Amino acid sequence: MEKDKLHMKKSGFKVPENYFSEFENHLSDSITSKTMLPKESGFKVPESYFDTIETSIVSKVLPKKKTKVIKMSWFYNAAGIAAIFVIGFFINNTLSKQNNTEINRIAVSEIDAYIDEGYFSLNTFEITEAFNDVSLSEIDMSSALNEDDIFDYLEENMNTYGGTITENK
């Protein structure tokens, strides 16, 4: 039973009798009374204010002096366009020369050392994929090397790799 009484507490506020039924009448009486809304606005506008306002605004907005317009001849326009092309040409050439010199600084021996040290490794599949568009039929094998040239080349380069060459005769 105590649970049923928990939610029946009184708030302590009382509303006068017939308050909501007579509320509309009290509100309309207070609006129509002199205390709520005055008959005069409290603001005064000078005489002929709205007659002269347009001319005073227009005189303040319109410029007093006409600005002088300078027309440029076609020569100045053409000279500006030519200057843009010349500057662009020089910038393009300068940048391309810088890129070429940086690539040319790398020696072939540095590239070989890079590959030999294992920083750049390719397997057979990657090599064939890189040179897929090269046809073997286009390679000229008619100028065959003789054995003496091959041995001379190997003698010069085998010292680099620590090998020895023996001739079979």
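Since the model is a prediction, treat every value here as computed from it, not as a measurement. Excluded from the calculations below are hydrogen atoms, water molecules and symmetry mates; all remaining heavy atoms, backbone and side chain alike, are included. In what follows, residues are counted from 1 in the order of the sequence shown.
A search for side chain to side chain contact (heavy atoms under 4.5 Å, CB included) contacts involving I91 returns I87, L95, not counting sequence neighbours.
Considering OG of S48 and CZ of F50, their distance stands at 11.0 Å, rounded to 0.5 Å. In this structure, the separation between CZ on F89 and CG on N93 is 4.0 Å, given to the nearest 0.5 Å. To the nearest 0.5 Å, atoms CD1 (I57) and CG (L62) are separated by 11.5 Å. The OH atom of Y49 sits 7.0 Å away from atom OG of S56, with the distance rounded to the nearest 0.5 Å.
Residue-environment remark: CD (E110) exceeds the threshold of 12 foreign heavy atoms within 6.0 Å. Under a cut-off of 6.0 angstrom, the local environment of CD in E126 is crowded, with over 12 non-hydrogen atoms contributed by other residues, nucleotides or ligands.
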